[in-house]
Amino acid sequence: MIGPRKPFWTIPLAGLACVSLAIALVACKRTRHEPPAAAPSHSNEAVTVTPPVAAGQNDVFEDITTHAGISFVHQFCDGRIANIVESNGQGAAVLDYDGDGFMDIYFVNAGPLERVTHHAAGTQREPNRLYRNIGNGAFEDVTGKAGVEGAGYGSAAAAGDYDNDGRPDLYVVNVGKNILYHNRGNGTFENVTDKAGVGDLGTGIGALWVDVDLDGNLDLFVANYLTFDPNYNLYFNPDAYPGPLSYKSEFNVLYRNRGDGTFEDISEKSGIRIPGHRGMSVCAFDYNKDGAPDLYICNDATPNLLLVNDGKGRFQELAVKALVAFNALGEAAGSMTAAIGDCNGDLYPDILVSRLGYGSLYMGRRDGVYEDRMMASGLGALTAQYVGWGSNFLDFDNDGDLDAFIANGDAHHLVGWESLLLENKGDGTFTDAAEKGGAYFKAKIRARGSYVLDFDNDGKLDVLVTAMGDRGFLLHNRSSSAGQWLTLDLQGTKSNRDGFGALITLTVKGKTLASEARCQAGFLGTSDRRVHFGLGEAKSADAIQIRWPSGTVQTLNNVPANQILKVKESS
């Protein structure tokens, strides 16, 4: 019998700052092909912070973090990555919390955790941080004013408008009790976790807002990892910590939104409560194009899951049948997250999985069975030497096809690796675009989460990266040769207010592009919710068709390029 969920620790959490900050990480000086440095002892060594990365004159991406006023540094309370819980790092969420049209950034922090981190006595937790986008390329820290400092050992965050009031709310995922912050609309948030009934106590690692039963209210999926036992000692590798199969798995949770500010746990009756898996992230997309959101769950050292929705919020697991449970070698390697989008232009969603091990690019097909083209796409050779954490599809050059960004970092040591910018040739094959991307792609960062946003609303997609014991990295896309673009900001009326689940089909110069509005969940966080299309040289889109979750179909004709278009669901 499955008992009530309990936290794995018995000693109260400590709470603010434990790392001394210096400048450049010595371990980052190794080349790509050198073995990682040996892990230091448990002593609290100084974890260094990466200085600003100076961009070259023609670099597409520029590290503007410091210039933008973002000073967040991840609080890593240890002298090494001592265990599997510490290894995962912390993430961020992108949201327009104040409704001014500019994307703000919320960083999640870790801090000390008894029986997990090795921190000095009396170490206090530093808060999570909310940075308001002022709109002139700068941000201001509004954490205290907004009331979103968080508590406990944070992991991830997800933004979504669960009460359809037009203001994004914020769910913070912890190792321990999670937090739901309701957006009051006056620049402040209220902790409504207990009232809403969503304070799951698991080893949380990810969350997703999704309307699983198509009733117009966003439901909440929480991905849980494993039950860490600090006393486990049946392990003999002196250079690494015990892996995920050394610990008991935890169940994921699905909360149904009742529409009155409260939620009910429907994990069991919905069919998502599947034993034996160790979740790392969850994302939603319409796998079989029936109008109902399906779920893809990346797991660590256990097969990934494809949960197919019957349209009423009940799910059937089909990953093995669809050939998306394992990589091309038949391994259930540690999967971090999945980026979903149509990267080869056939109008079927593809899935790029970043892994500790051999990743996958599952190409969608009409029959619902995927083909792993990791090697054929060129991505296998480009990514194999790294541990990929955050991964994203994005059209960084606005040429009409989806490129990829992958944030890399050593899983066992405080060693930085290069991030990857991978340019799509237009047919779902990729080349290394690091030289075009610029100096950041030569810097060795202990990266974890990565998120796509357009923080300055110029139509060129920017990237946010979180890192272990380091600052965040806001990478501004300053390309002078990018194509035309369109961004859609959806507002549901009969559907959920965010429009999550809407299918958008755009035609431009005889070419058809397709994308879904969704809670853009990745590893440990969520990206800009708005839907972006690169148009190449076209000055307008011939037509845009939106199939809303309610079933309403809306068509717009001859839409001029280079605008953020707000579209309200027609009645």
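None of these values were measured; they are calculated from a predicted model. Along the sequence shown, residues carry numbers from 1.
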For a 4.5 angstrom cut-off between non-hydrogen side-chain atoms, does [X] reach [Y]?
X    : Y    : result
I274 : E317 : yes
T383 : N408 : no
N88  : M280 : yes
S155 : V175 : yes
V212 : S270 : no
F315 : L254 : yes
R471 : D63  : yes
M363 : Y348 : no

Value rounded to 0.5 Å, distance of [atom1] in [X] from [atom2] in [Y]:
X    : Y    : atom1 : atom2 : value
L382 : L422 : CG    : CG    : 5.5 Å
D350 : I340 : CG    : CD1   : 9.5 Å
L295 : L305 : CG    : CG    : 10.0 Å
L420 : Q385 : CG    : CD    : 8.0 Å
T48  : D470 : OG1   : CG    : 7.0 Å
N83  : Y241 : CG    : OH    : 8.0 Å

Q: Could you walk me through whether D528 and R530 pass the salt bridge (Lys or Arg N to Asp or Glu O under 4.0 Å) test, one step at a time?
A: CA-CA 6 Å; D528 192 332; R530 300 172 296 182; 2.9 Å; yes
Where is the tightest heavy-atom contact between [X] and [Y], given as atom of each residue plus distance?
X    : Y    : value
R529 : Q520 : CA-CG, 4.4 Å
A207 : L220 : CB-CD1, 4.3 Å
D395 : D397 : OD1-OD1, 2.8 Å
P112 : T123 : CG-O, 3.7 Å
N327 : R355 : CB-NH1, 3.3 Å
T117 : Y153 : CG2-CE1, 4.0 Å

Could I get the full list of side chain to side chain contact (heavy atoms under 4.5 Å, CB included) partners for [X], not counting sequence neighbours?
X    : value
A328 : Y358, D372
A92  : F107, Y451, L464, T466
E516 : F285, D286, L503, R518
A338 : C283, Y296, C298, I351, V353

For the backbone of [Y] and the side chain of [X], can you confirm whether one donor and one acceptor N or O come within less than 3.5 Å of each other?
X    : Y    : value
Q75  : N109 : no
W389 : F523 : no
R365 : E371 : no
R448 : S87  : yes
S335 : D300 : no
N424 : C343 : yes
T65  : I70  : no
S281 : G522 : no
N299 : P303 : yes
D59  : E62  : no

Q: Kindly assign one of parallel, tilted or perpendicular to the pair Y370 and Y287, based on the angle between their ring planes and the thresholds 30° and 60°.
A: parallel
Q: Report the relative orientation of the aromatic rings in F441 and F61; use parallel for angles under 30°, tilted for 30 to 60°, perpendicular for over 60°.
A: perpendicular
[X]: which residues meet the salt bridge (charged side-chain N to carboxylate O under 4.0 Å, His left out) condition with it, sequence neighbours left out?
X    : result
E423 : K436
R278 : none
D219 : none
K442 : E435

Q: Please test L475 against D462 for side chain to side chain contact (heavy atoms under 4.5 Å, CB included), starting from the C-alpha separation and ending with a verdict.
A: CA-CA 6 Å; L475 307 178; D462 312 301; 6.0 Å; no
**Q.** Residue pair N252, V282: steps toward the side chain to side chain contact (heavy atoms under 4.5 Å, CB included) verdict
**A.** CA-CA 10 Å; N252 299 319; V282 56; over 6 Å; no
Q) Going by distance alone, is a donor N or O of one side chain under 3.5 Å from an acceptor N or O of the other, for H118 and D78? A) yes
Among residues at least two apart in sequence or on other chains, which ones pass ring-ring contact (aromatic ring centres under 6.0 Å, His included) with [X]?
X    : result
F396 : none
Y225 : none
F500 : none

Q: Check side-chain hydrogen bond (donor to acceptor under 3.5 Å, both in side chains) between N231 and all other residues, then give those that pass, not counting sequence neighbours.
A: none
Q. Please walk me through it: do Y171 and V222 pass side chain to side chain contact (heavy atoms under 4.5 Å, CB included)?
A. CA-CA 10 Å; Y171 190 71; V222 180; 3.7 Å; yes
Q: Go through the steps for E114 and H119 under the test side chain to side chain contact (heavy atoms under 4.5 Å, CB included), then give the verdict.
A: CA-CA 8 Å; E114 296 295 338; H119 52 276; 3.3 Å; yes
Q: Can you spot which of L307, L318, N288 makes a side-chain contact (heavy atoms from CB on, under 4.5 Å) with D294?
A: N288
